[in-house]
Protein chains: 2
Amino acid sequence: MQVFTYMISFCENPPVTVFDPNRKRNARGEQRQQALLRAAAAAFGRLGYHQTTTNAIATEACVSPATLYQFFPNKEAIASELASMYAREMAEAERAIDSDGVLSFVEAVAELIDVCMSFNRKRPEFHTLVVDAPLSPSARADKQTLGQVFVDFIAVRLRRERPDLSRFEAAHHGQVALMIFRGILDELTVASAHARPRLELAMRNAILRYLMPVLTESPRK
Amino acid sequence: MQVFTYMISFCENPPVTVFDPNRKRNARGEQRQQALLRAAAAAFGRLGYHQTTTNAIATEACVSPATLYQFFPNKEAIASELASMYAREMAEAERAIDSDGVLSFVEAVAELIDVCMSFNRKRPEFHTLVVDAPLSPSARADKQTLGQVFVDFIAVRLRRERPDLSRFEAAHHGQVALMIFRGILDELTVASAHARPRLELAMRNAILRYLMPVLTESPRK
DNA sequence: CTCCCATACAAGTAGATACTTACATATCGA
DNA sequence: TCGATATGTAAGTATCTACTTGTATGGGAG
């Protein structure tokens, strides 16, 4: 009975030397966690997701690899945490555009594109996180939601101009706009500072020129 | 001196048990090499470049991993060989379009897009090879050339319609068309058979709508 | 003061995978 | 038929990298 009690206590209170989601954090711990996220963001941005090792993240944060695993269960969790933060932040920024509906269709879409491009420029690591990293289900959901916000933004404005357009059609055109955005963004992330303004203009032109005919084409297609 | 002679002979005629580019091949060897390329293509297409292990390629070809290394120095060389073949084949197909110049601008560009989409549909592994695989310098050059053929095809047709357009401007618009193509292609490669025709239409629309205004906008921009 | 536990790390382990070695067999020219 | 060489493989090795273990330290609650 003594042995059994001992085993229970042994199994229930092991010395915590790995990640525990319920562990209490003090101020130092919170700061370490934030520092690790910042270090990971910098490393992902410089090397891309796959080239960035957990050891590199630890080194960047000036801690040992073991310390990293006190705060995150694995590499994917770090990427997922960052991707979720960024996806929610970006979705929020998109939702804030023209909330009082005073912008014209062209102005609103141009603003949407600007906001998205600015965000990706401010957070260069976001691209590799979304494209290359395997994400947790919840991070995937946030990424999915972000895409949906972009699509819906355009779909809503399309139907505001052309109420006879089906929801399905409107969403489809929003999705195509997103594909165009991603295609040009891929180049923007590697473009020289000198080439960037011209590409940003091309981004606006490509998406708006795709969408404009939708507003005027024959109602029954 | 004997020892020296022995060492020379030892160094110059080691039993060849690894890849040697100058090795003579017999018919069986040629067939094995082709079979390995076919197996690799199938595996890359199914799993993507990174998920495809050299062991998986060997298994797919029904040989041992060691046999694979009799015919290729490393995994990258297999991907590079395939990517080069495909890039050259696709570039050739693009150059063959409208060689006698009878098509209109819209017809020619639409044909270009069709050819590119058909090729990617016929060789689903091409996408991951070009996007995900680290390629040899020569394969990278072939990939680069392929992109240039696409860009030039459009640039030449643009300047045929608007001779006052600078080469630089024309190439820029060709590059943007390529970015749009890639953005939508990314989705096409994962789209359901049901969603594909709609996306293929969107591909044509997105690129042509981007390019058409270039033909009519004010000569001095 | 003191005990608990969060923090920290040196020095590992584990598992995956690209690639090799040592050796056996098939083919083919002379 | 025989030797040279191409083809083939079982059973590895080497290395990389995500992740752990055992142990030491420091700060805060009681």
Side-chain angles (χ1 to χ4, degrees), chain A residues 9-10 12-37 39-40 43-44 47-80 132-134 136, chain B residues 9-10 12-37 39-40 43-44 47-80 132-134 136:
Chain A
S9 109
F10 174 77
E12 286 189 346
N13 298 332
V16 176
T17 59
V18 292
F19 175 77
D20 170 5
N22 299 325
R23 184 173 189 164
K24 273 187 289 185
R25 302 284 172 204
N26 62 25
R28 185 163 45 131
E30 297 284 354
Q31 286 193 335
R32 267 278 178 271
Q33 191 155 7
Q34 294 308 313
L36 279 163
L37 282 175
F44 286 142
L47 305 169
Y49 178 79
H50 289 294
Q51 295 286 329
T52 300
T53 67
T54 52
N55 287 4
I57 296 172
T59 301
E60 176 96 16
C62 300
V63 298
S64 82
T67 297
L68 185 154
Y69 286 94
Q70 297 271 347
F71 296 96
F72 300 96
N74 50 50
K75 181 181 175 181
E76 179 197 294
I78 305 176
S80 297
D132 302 325
S136 70
Chain B
S9 107
F10 174 77
E12 286 188 347
N13 299 332
V16 177
T17 59
V18 292
F19 175 76
D20 170 5
N22 298 325
R23 185 171 188 165
K24 274 187 291 187
R25 302 284 172 205
N26 62 25
R28 185 164 47 127
E30 297 284 354
Q31 286 193 336
R32 265 278 177 272
Q33 191 156 4
Q34 294 307 312
L36 279 163
L37 282 175
F44 286 141
L47 304 168
Y49 178 79
H50 289 295
Q51 295 286 327
T52 300
T53 67
T54 52
N55 286 4
I57 296 172
T59 301
E60 176 96 18
C62 301
V63 298
S64 82
T67 297
L68 186 153
Y69 287 94
Q70 298 271 350
F71 295 96
F72 300 96
N74 51 49
K75 181 180 174 183
E76 180 197 294
I78 304 176
S80 296
D132 301 324
S136 68

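Side chains are part of it too, since the values below use all heavy atoms of this structure and drop only hydrogens, waters and symmetry mates. A note on names: the letters A, B, ... follow the listed sequences, proteins ahead of strands, and every chain is numbered from 1. Since we're looking at a predicted model, the values are computed, not measured.
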Let me know the distance between CG of N55(A) and P of dT20(D), rounded to the nearest Å. 13 Å
Return the minimal non-hydrogen interatomic distance between K75(B) and H50(B), and the atom names on each side. NZ-O, 4.0 Å
Comparing nearest nucleotides in DNA chain C, the 5'-proximal residue of the pair N74(B), R25(A) is R25(A)
Go through it in stages, so that I can follow the logic: the residues are I78(A) and L36(A), the test is side-chain contact (heavy atoms from CB on, under 4.5 Å), and I'd like the CA-CA distance, side-chain angles, deciding distance and then a yes or no. CA-CA 9 Å; I78(A) 305 176; L36(A) 279 163; over 6 Å; no
Looking only at the side chain of T53(A) (C-beta and beyond, no hydrogens), which of the listed nucleotides dT9(D), dA18(D), dC19(C) gets closest? dA18(D)
What pairs of donor and acceptor atoms, side-chain ones from residues 54-63 of chain B against any protein atom, are under 3.5 angstrom apart with sequence neighbours left out?
residue, atom, partner, partner atom, Å
T59(B), OG1, N55(B), O, 2.9
E60(B), OE1, R46(B), NH2, 2.4
E60(B), OE2, R46(B), NH2, 3.1

dT20(C) OP1/OP2 closer than 4.0 Å to side-chain N/O of Y69(B): no
Q70(B) CD to dT20(C) C1', in whole Å, measures 11 Å
Rounded interatomic separation in angstrom, taking CD1 from I57(A) and C1' from dC19(D): 13 Å
In whole angstroms, how far is the P atom of dG29(C) from the NZ atom of K24(B)? 10 Å
Working to the nearest 0.5 Å, report the span between CZ of F72(A) and CG of L37(A). 4.0 Å
Expressed as a whole number of angstroms, how long is the span from E30(A):CD to dA6(C):P? 13 Å
Length of the CZ-P vector between F72(A) and dC19(D), whole Å: 13 Å
Check this one for me: any side-chain N or O of T54(A) less than 4.0 Å away from OP1 or OP2 of dA18(D)? yes
Taking only side-chain nitrogens and oxygens of T67(B), does any of them come within less than 4.0 Å of OP1 or OP2 of dT9(D)? yes
Taking for each residue the nucleotide of DNA chain C with the nearest heavy atom, is it A66(A) or H50(B) whose nucleotide lies nearer the 5' end? A66(A)
Reckon K75(A) has a side-chain N or O less than 4.0 Å from the OP1 or OP2 of dA18(D)? yes
Separation of atom CG in D20(B) from atom C1' in dT5(D), rounded to whole Å: 12 Å
Give F71(A) one of three labels, base, sugar-phosphate or nothing, depending on what nucleic acid heavy atoms sit under 4.0 Å from its own. sugar-phosphate
Rounded to the Å, how far apart are E76(A) CD and dA18(D) C1'? 13 Å
OP1 or OP2 of dA8(C) under 4.0 Å from side-chain N/O of R32(A): yes
I want to check something: taking the side chain as every heavy atom from C-beta on, are F19(B) and Y69(B) in contact at a cut-off of under 4.5 Å? no
Identify, between G29(B) and P65(B), the residue whose nearest nucleotide on DNA chain D lies closer to the 5' end. G29(B)
